[in-house]
S.K.: 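Pasting a structure here, questions to come.
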Amino acid sequence: MQNNLVIYNSLSRKKETFKAINYPFVGLYVCGPTVYSDAHLGHARPAIIFDVLHRYLLHLGYKVRYVRNITDVGHLEDETAGEGEDRITKKARQEHLEPMEVVQKYLNTYHRNLDQLNTLPPSIEPRASGHIIEQQELIKEILEKGYAYEVNGSVYFDVLKYNEKYKYGKLSGRILEDLQSNTRTLEGQDEKKNSFDFALWKKAAPEHIMKWPSPWSVGFPGWHLECSAMSVKYLGDVFDIHGGGMDLQFPHHECEIAQSTAAHGKESVNYWMHNNMITINGQKMARSLGNFITLDQLFSGNHPVLTQAYSPMTIRFFILQAHYRSTVDFSNEALQAAEKGMQKLMKAIETLNKLKPSATSTVDIDKLRKKCYEALDDDLNSPIVLSHLFEGVRIVNSLLDGTEKTDETGLQSLKEFFNTFVFEILGLKDESSGTGDEKLTDELMKIIIELRQEAKNKKSGQHRIRSGMI
RNA sequence: GGUCGGUUAACCGAGUGGCUAGGUAGCGGUCUGCAAAACCGUUUACGGCGGUUCGAAUCCGCCACCGACCUCCA
């Protein structure tokens, strides 16, 4: 495959040329959400970023198997409390629902929101609860290889033992000695040999609702395990790309690497990609911090910090305006700027469809197209792609003004240019026909004018309509 | 405390050792009976102090500030 796609690999901390293991197939695994409350702005980012990657790979001609998991198995919320209650169980108790009802409810919202954001669905969306057996099998493998130990019905990963042969901490740049001296002393960890060991299987307390039988105890799998088990099941021992939020780099992804390596004797991921966080007032937006804005709130404007509603495409545009490895700070101003920018882009595309060709051409679309590919190839630099698209906008408007000219071929390639990058790859769509206030007003005005004309003809009620209009 | 990252004009946000990113706002203009909209053009930059270099916002060092991770998190 001839392509020049370069991806920043978190593992090597370098940009690397992307080479698929088994052309034309690409295996892409992205960590999805734990479904226990409404999806928020932070969830939109990886969904959109990896959607663009997905779309771009498809555009380049790859056959992509895109796997994005759903964490629907309760994991301990607060180990410091000793008697940890997992988040889904807690929510179920609060809302008087079955745990699986909680899961379904928020999974539905998540799907609806991502659909509104115009993301393509993943090829497979495996749930942790549906892969308990696979996870148990993986635990057995790790136990057999000697990198785990059982205590009181729970199974823990032996990090120190693993570190003798492999290197623990390579993804996040952590050194085991530092971890040893710096990890806070948490209560309820007496079972572990070392504080940095992590659970593969956890024996459930009697009141714990989500639990499954296993050779060790009635319990539930450790959080990091599902991704190791499911990625390998659907993408093979070694696959191309694993993505997720930067906050998952440690410990989640580090533990995944350790588990897979311990079980299979080799690493399973070629390229690790991590998107940065969305911040609000300079702080990370997260459910656990309580400073998040849900996507439904953004779309409806129903939140104290929002001065207006923002459409799904405004959110998408806003996120694409920043590079995925940078933090992006939320503000009404920034969202409004994104909204106007996107409208300008869409308007130009509308204008383009009305343009008439000239005999000669003064514009060079090929050059622009090439620049867009270069930007995408350079670690998915969507802000640069957008800047080139706005150069295209300038051209369209100049054509309308008559300061630039182009022939039929040029017009056609300009249309293809926008179609490819705006709609196909960046995944934006024109919302104006459905929700635009201006269009709605225009339509309503037309009806009122017609009514007035009608009333005028019948000589009835015209004064009311006229005075109302003025 | 440890590890890592950031500090770019009014706001958001790219970027390269020398050549205008882009969007929004502002300003000037075109158009319009006026205005709005639209369009065209355009002013404010690279946290501080040193160093390398013919030349640094871009490389190096120190300092300041901010953030992320180290505990669940997208």
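Computed from a prediction, not measured in an experiment: that's the story for all the values here.
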S.K.: Does the structure show a Watson-Crick or G-U wobble partner for B/rU44, both distances under 3.5 Å? Name it, or say none.
M.R.: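 Paired with B/rU44, as far as the under-3.5 Å criterion goes, is no nucleotide at all.
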S.K.: Base, sugar-phosphate alone, or nothing: which one does A/Gly282 contact when heavy atoms must sit under 4.0 Å apart?
M.R.: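 Answer is sugar-phosphate: A/Gly282 comes under 4.0 Å of backbone atoms only.
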S.K.: Can you tell me, in whole Å, how much space there is between the C1' of B/rG51 and that of B/rA10?
M.R.: 34 Å
S.K.: Which listed nucleotide (B/rG22, B/rA14, B/rC72) is nearest to the side chain of A/Pro383?
M.R.: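 Nearest listed nucleotide: B/rA14.
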S.K.: Figure out the NE2/C1' separation between A/His224 and B/rU71, and round it to whole Å.
M.R.: 10 Å
S.K.: Could you please name the partner base of B/rA21, counting Watson-Crick and G-U wobble pairs only when both distances are under 3.5 Å?
M.R.: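 Pair assignment: B/rA21 / none.
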S.K.: Check the distance between B/rG5's P and A/Arg174's CZ and give it to me in whole angstrom.
M.R.: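 Atom CZ in A/Arg174 sits about 12 Å away from atom P in B/rG5.
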S.K.: What is the ring orientation for A/Phe292 with A/His40, classed by angle as parallel under 30°, tilted 30 to 60°, or perpendicular over 60°?
M.R.: tilted
S.K.: Which whole-number value in Å describes the distance from A/Ile395 CD1 to B/rC40 P?
M.R.: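 Those two atoms, CD1 and P, are 11 Å apart.
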S.K.: When both hydrogen-bonding distances must be under 3.5 Å and the geometry is Watson-Crick or G-U wobble, what is B/rA9 paired with, if anything?
M.R.: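 For B/rA9, the partner nucleotide comes out as none, under the 3.5 Å rule.
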S.K.: Taking atom P in both B/rG61 and B/rG26, what distance in whole Å separates the two?
M.R.: 43 Å
S.K.: What nucleotide among B/rC72, B/rC39, B/rG22 has an atom nearest to a side-chain atom of A/Phe390?
M.R.: B/rG22
S.K.: Scan A/Thr403 against the nucleic acid and name what it touches under 4.0 Å (heavy atoms): base, sugar-phosphate only, or nothing.
M.R.: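 No contact at all - A/Thr403 keeps every heavy atom at 4.0 Å or more from the nucleic acid.
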S.K.: Starting from C1' on B/rA21, measure out to CG on A/Asp378 and report it in whole angstrom.
M.R.: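 Result: 14 Å.
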S.K.: Does the ring of A/Tyr8 carry A/Arg325 above it, NZ/CZ under 6.0 angstrom from centre and within 45° of its axis?
M.R.: yes
S.K.: Measuring only the P atom in each nucleotide, how far is B/rU58 from B/rG28? A whole number of Å is fine.
M.R.: 35 Å
S.K.: Please check if any side-chain donor atom of A/Glu226 sits under 3.5 Å from a side-chain acceptor atom of A/Asn69, or the reverse.
M.R.: yes
S.K.: Would you call A/Glu101-A/Lys105 a salt bridge at under 4.0 Å N-O?
M.R.: no
S.K.: When you measure from the side chain of A/His323, which nucleotide among B/rC69, B/rA14, B/rC72 comes out closest?
M.R.: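 Of all the options, the side chain of A/His323 is nearest to B/rA14.
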S.K.: Determine, stepwise, if the pair A/Tyr373 / A/Phe421 fulfils ring pair (Phe, Tyr, Trp, His ring centres under 6.0 Å).
M.R.: CA-CA 9 Å; A/Tyr373 279 120; A/Phe421 292 102; 5.0 Å; yes
S.K.: Give the rounded distance in Å between these two atoms: CG of A/Asp401 and C1' of B/rG41.
M.R.: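 Taking atom C1' of B/rG41 as the reference, CG of A/Asp401 is at 12 Å.
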S.K.: From the set B/rC70, B/rA14, B/rG23, return the single nucleotide nearest to any side-chain atom of A/Pro251.
M.R.: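 Nucleotide nearest to A/Pro251's side chain: B/rC70.
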S.K.: Using side chain to side chain contact (heavy atoms under 4.5 Å, CB included) as the criterion, point out the one residue from A/Val30, A/Leu235, A/Leu53 that pairs with A/Tyr66.
M.R.: A/Val30
S.K.: Which of these nucleotides, B/rG23, B/rG22, B/rA68, is closest to any side-chain atom of A/Lys284?
M.R.: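 The answer is B/rA68.
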S.K.: Starting at CG of A/Asp247 and ending at C1' of B/rG67, how long is that distance when rounded to a whole Å?
M.R.: 13 Å
S.K.: Taking for each residue the nucleotide of RNA chain B bearing the nearest heavy atom, is the 5' side occupied by A/Gly173 or by A/Ala334?
M.R.: A/Gly173
S.K.: For B/rA25, does either OP1 or OP2 sit under 4.0 Å from a side-chain N or O belonging to A/Lys340?
M.R.: yes
S.K.: Students often get this wrong, so: under 4.0 angstrom with heavy atoms, is A/Ile278 touching a base, only sugar-phosphate, or nothing?
M.R.: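 Contact class for A/Ile278: base.
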S.K.: Rounding to the closest angstrom, what is the interatomic distance between B/rA36 and B/rC46 at atom P?
M.R.: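 It works out to 34 Å between them.
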S.K.: Look at A/Glu254 together with A/Lys170 and state whether they make a salt bridge at an N to O cut-off of under 4.0 Å.
M.R.: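 Judged by the 4.0 Å cut-off on N to carboxylate O distance, A/Glu254 and A/Lys170 do not form a salt bridge.
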S.K.: Just name whichever nucleotide pairs with B/rU3, Watson-Crick or G-U, keeping both distances under 3.5 Å, else none.
M.R.: B/rA68
S.K.: With sugar-phosphate meaning primed atoms plus P, OP1 and OP2, does A/Ser326 contact a base, only sugar-phosphate, or nothing at under 4.0 Å between heavy atoms?
M.R.: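 Sugar-phosphate: the residue A/Ser326, judged by heavy atoms under 4.0 Å, touches backbone atoms but no base.
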S.K.: Taking the side chain of A/Asn397 as its heavy atoms from C-beta onward, which of B/rC72, B/rA68, B/rC40 lies nearest to it?
M.R.: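 Nearest nucleotide to the side chain: B/rC40.
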S.K.: What integer number of Å spans the P atoms of B/rG23 and B/rG17?
M.R.: 24 Å
S.K.: Tell me whether the side-chain N/O atoms of A/Asn381 come closer than 4.0 Å to OP1 or OP2 in B/rG15.
M.R.: yes
S.K.: Mind checking A/Val30 for me? I need base, sugar-phosphate or nothing, with any heavy atom below 4.0 Å counting as a touch.
M.R.: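 Nothing: the residue A/Val30, judged by heavy atoms under 4.0 Å, touches no strand.
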S.K.: Need to verify one output field. Residue with the more 5' nearest nucleotide on RNA chain B, A/Arg13 or A/Ala286?
M.R.: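 Its nearest nucleotide lies further toward 5', so the answer is A/Arg13.
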S.K.: How is A/His40 classified with respect to the nucleic acid when contacts are heavy atoms under 4.0 Å: base, sugar-phosphate, or nothing?
M.R.: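 The residue A/His40 makes base contact.
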S.K.: Any strand is fair game: report the nucleotide pairing with B/rG33 by Watson-Crick or G-U wobble, both distances under 3.5 Å, or none.
M.R.: none
S.K.: Regarding A/Arg287, tell me which of base, sugar-phosphate or nothing describes its non-hydrogen contacts under 4.0 Å with the strands shown.
M.R.: sugar-phosphate
S.K.: Are the side chains of A/Lys193 and A/Leu160 in touch, meaning some heavy atoms are under 4.5 Å apart?
M.R.: no
S.K.: Counting any heavy atom closer than 4.0 Å, what does A/Arg394 reach on the DNA or RNA strands: base, sugar-phosphate only, or nothing?
M.R.: sugar-phosphate
S.K.: Is the phosphate of B/rU24 approached by A/Lys344 (side-chain N or O, under 4.0 Å from OP1 or OP2)?
M.R.: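 Checking A/Lys344 against B/rU24: at least one side-chain N or O falls below 4.0 Å of OP1 or OP2.
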S.K.: Could you identify the nucleotide paired to B/rU58, looking across every strand shown and requiring Watson-Crick or G-U wobble geometry with both distances under 3.5 Å?
M.R.: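 B/rU58 is paired with nothing.
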S.K.: Grab the CZ-P distance between A/Phe318 and B/rA14 for me, whole Å please.
M.R.: 11 Å
S.K.: Suppose you measure atom P in B/rA25 against the same atom in B/rC19; what distance do you get, rounded to whole Å?
M.R.: 28 Å
S.K.: For B/rU16, what is the paired nucleotide under Watson-Crick or G-U wobble rules, both distances under 3.5 Å?
M.R.: none
S.K.: Does the cation-pi check pass for A/Arg174 over A/Phe250, that is, NZ or CZ under 6.0 Å from the six-membered ring centre and within 45° of its axis?
M.R.: yes
S.K.: Mind checking the C1' distance from B/rA57 to B/rG13? Whole angstroms is fine.
M.R.: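 Nearest-Å result for B/rA57 against B/rG13 at atom C1': 15 Å.
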S.K.: Please give the distance between the P atoms of B/rC12 and B/rG67 as a whole number of Å.
M.R.: 15 Å
S.K.: Rounded to whole Å, how long is the line connecting atom CD of A/Gln321 with atom P of B/rA21?
M.R.: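 Atom-to-atom, A/Gln321 to B/rA21, this comes out as 16 Å.
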S.K.: Return the nucleotide paired to B/rU52: Watson-Crick means purine N1 to pyrimidine N3 with N6-O4 or O6-N4, wobble means G-U with N1-O2 and O6-N3, both under 3.5 Å.
M.R.: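 Because no pair has both required distances under 3.5 Å, B/rU52 counts as unpaired.
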